[in-house]
2 protein chains.
Amino acid sequence: MSYSIAEAARRSGLSIDTLRYYERIDLLEPPARDAAGRRAYSDEDLAWLTFLTRLRTTGMPIRRMREYAKLRRRGLASAGRRKAILVEQRGAVAERIAELQACLEVLDYKIDNYDRIEKGDAALTREASA
Amino acid sequence: MSYSIAEAARRSGLSIDTLRYYERIDLLEPPARDAAGRRAYSDEDLAWLTFLTRLRTTGMPIRRMREYAKLRRRGLASAGRRKAILVEQRGAVAERIAELQACLEVLDYKIDNYDRIEKGDAALTREASA
DNA sequence: AGTTGACCTGGAGCGCGCTCCAGGTCGTAC
DNA sequence: GTACGACCTGGAGCGCGCTCCAGGTCAACT
């Protein structure tokens, strides 16, 4: 199957502009073209886009994704370095999750204080200003 | 206690420039000044900065933090709206954690594949290119 | 034949969150 | 008294990740 840029955008959740942008900055191999010169994305292109959006969700900077993309183009020989990038990213994600969980606790604490203020606990007035 | 901008930066983990920037954009009440006109941050200022950095860590945009800061200046009457902001943010953080955990699984899957490739599993060659 | 609409290209512009700079004022140490 | 270093102000600049625009091509429909 092949997909127009509009369809690829719809399926990947990226905008048309972003698809062209990703191609421009070498995140994405230039897709095939139809007879009229229009982009025709393959299922593999879409799978790659899906993976890219995952990496993006993890907070990986585009610079790093480009590095990964470049390695991918070199084939199997680069598997080790690609794995290293993913392992590093896994660590970063785990750290980020821990960080967010810590913040969640702070939020819960604060929210709890606001609850008590609503119930008229005057002793918390000072807390309310912080 | 009061702290010079350098000391406040050290303690908050923000840069001196960022402290002045936060003040400029109304995230931070202008701190007191010493006789020479230099900023003198109080412990309360530092506590607020600590909270701000937590909010930042959760990914709250500055725009929203300003809103919260503005409400805080209005005192107790705004407690309800401040709480609402924190509750919303708690939801956003929980969602983000879930998202990251899903990505973690994808990363683990990919890393696992790379492990197998290293062990010479030729059947995974195609996978390696993705 | 004309209109529409999806697509094309190259390049400019934008919102975010800082970060850096020039040029100046103070207070302390030598 | 002068050199230094920390601080001050207003404003420009930057890296990121898009997003938008002008001007054009092409295929399909009426």
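Naming convention: chains lettered A, B, ... in sequence-line order (proteins, then strands); numbering from 1 in each chain.
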If you assign A:Ala36 and B:Met65 each to the DNA chain C nucleotide with the nearest heavy atom, which residue ends up on the more 5' nucleotide?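 It is A:Ala36 whose nearest nucleotide is closer to the 5' end.
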Quick check: does any side chain N or O of [X] sit under 3.5 Å from a backbone N or O of [Y], one acting as donor and the other as acceptor?
X: B:Thr18; Y: B:Leu14; answer: no
X: B:Ser78; Y: B:Arg74; answer: no
X: A:Asp45; Y: A:Ser42; answer: yes

N or O in side chain of B:Tyr22 less than 4.0 angstrom from C:dC18 OP1/OP2: yes
With a 4.0 Å cutoff (strictly under), does any side-chain N or O of B:Thr18 reach OP1 or OP2 of C:dG17? no
Taking only N/O atoms, report every protein-nucleotides 7-9 of chain D pair under 3.5 Å with atom names and distance.
unit_1: D:dC7; atom_1: OP1; unit_2: B:Ser4; atom_2: OG; d: 3.2
unit_1: D:dC8; atom_1: OP1; unit_2: B:Arg39; atom_2: N; d: 2.6
unit_1: D:dC8; atom_1: OP1; unit_2: B:Arg39; atom_2: NH1; d: 2.9
unit_1: D:dC8; atom_1: OP2; unit_2: B:Arg20; atom_2: NH1; d: 2.7
unit_1: D:dC8; atom_1: OP2; unit_2: B:Arg39; atom_2: NH1; d: 3.2
unit_1: D:dC8; atom_1: O5'; unit_2: B:Arg39; atom_2: NH1; d: 3.3
unit_1: D:dC8; atom_1: O3'; unit_2: B:Arg33; atom_2: NH1; d: 3.4
unit_1: D:dT9; atom_1: OP1; unit_2: B:Arg33; atom_2: NH2; d: 3.0
unit_1: D:dT9; atom_1: OP2; unit_2: B:Arg39; atom_2: NH1; d: 3.0
unit_1: D:dT9; atom_1: OP2; unit_2: B:Arg39; atom_2: NH2; d: 2.6

Rounded off to whole Å, could you give me the [atom1]-to-[atom2] distance for the [X] and [N] pair?
X: B:Ile25; N: C:dT19; atom1: CD1; atom2: C1'; answer: 14 Å
X: A:Arg24; N: C:dG11; atom1: CZ; atom2: C1'; answer: 8 Å
X: A:Ile62; N: D:dT19; atom1: CD1; atom2: P; answer: 10 Å
X: B:Leu19; N: D:dA6; atom1: CG; atom2: C1'; answer: 15 Å
X: B:Leu27; N: C:dC18; atom1: CG; atom2: P; answer: 9 Å
X: B:Arg56; N: C:dG17; atom1: CZ; atom2: P; answer: 10 Å
X: B:Asp17; N: D:dA6; atom1: CG; atom2: P; answer: 15 Å
X: A:Tyr21; N: D:dC21; atom1: OH; atom2: P; answer: 19 Å

A:Lys83 NZ to B:Asn113 CG distance, which is reported to the nearest 0.5 Å: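 That separation rounds to 11.5 Å.
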Do B:Tyr3 and B:Asp43 pair up side chain to side chain, a donor and an acceptor below 3.5 Å, judged on atom types alone?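 Yes, side-chain donor-acceptor contact under 3.5 Å.
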Do B:Gln89 and B:Thr58 have side-chain atoms, one donor and one acceptor, less than 3.5 Å apart?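 Checked: B:Gln89/B:Thr58 side chains pair up, N/O donor to acceptor below 3.5 Å.
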On the ring face of B:Phe51, is A:Lys110 found with NZ or CZ under 6.0 Å from the centre and within 45° of the axis? yes
Side-chain donor/acceptor contact of A:Arg63 with base of D:dG15 under 3.5 Å: no
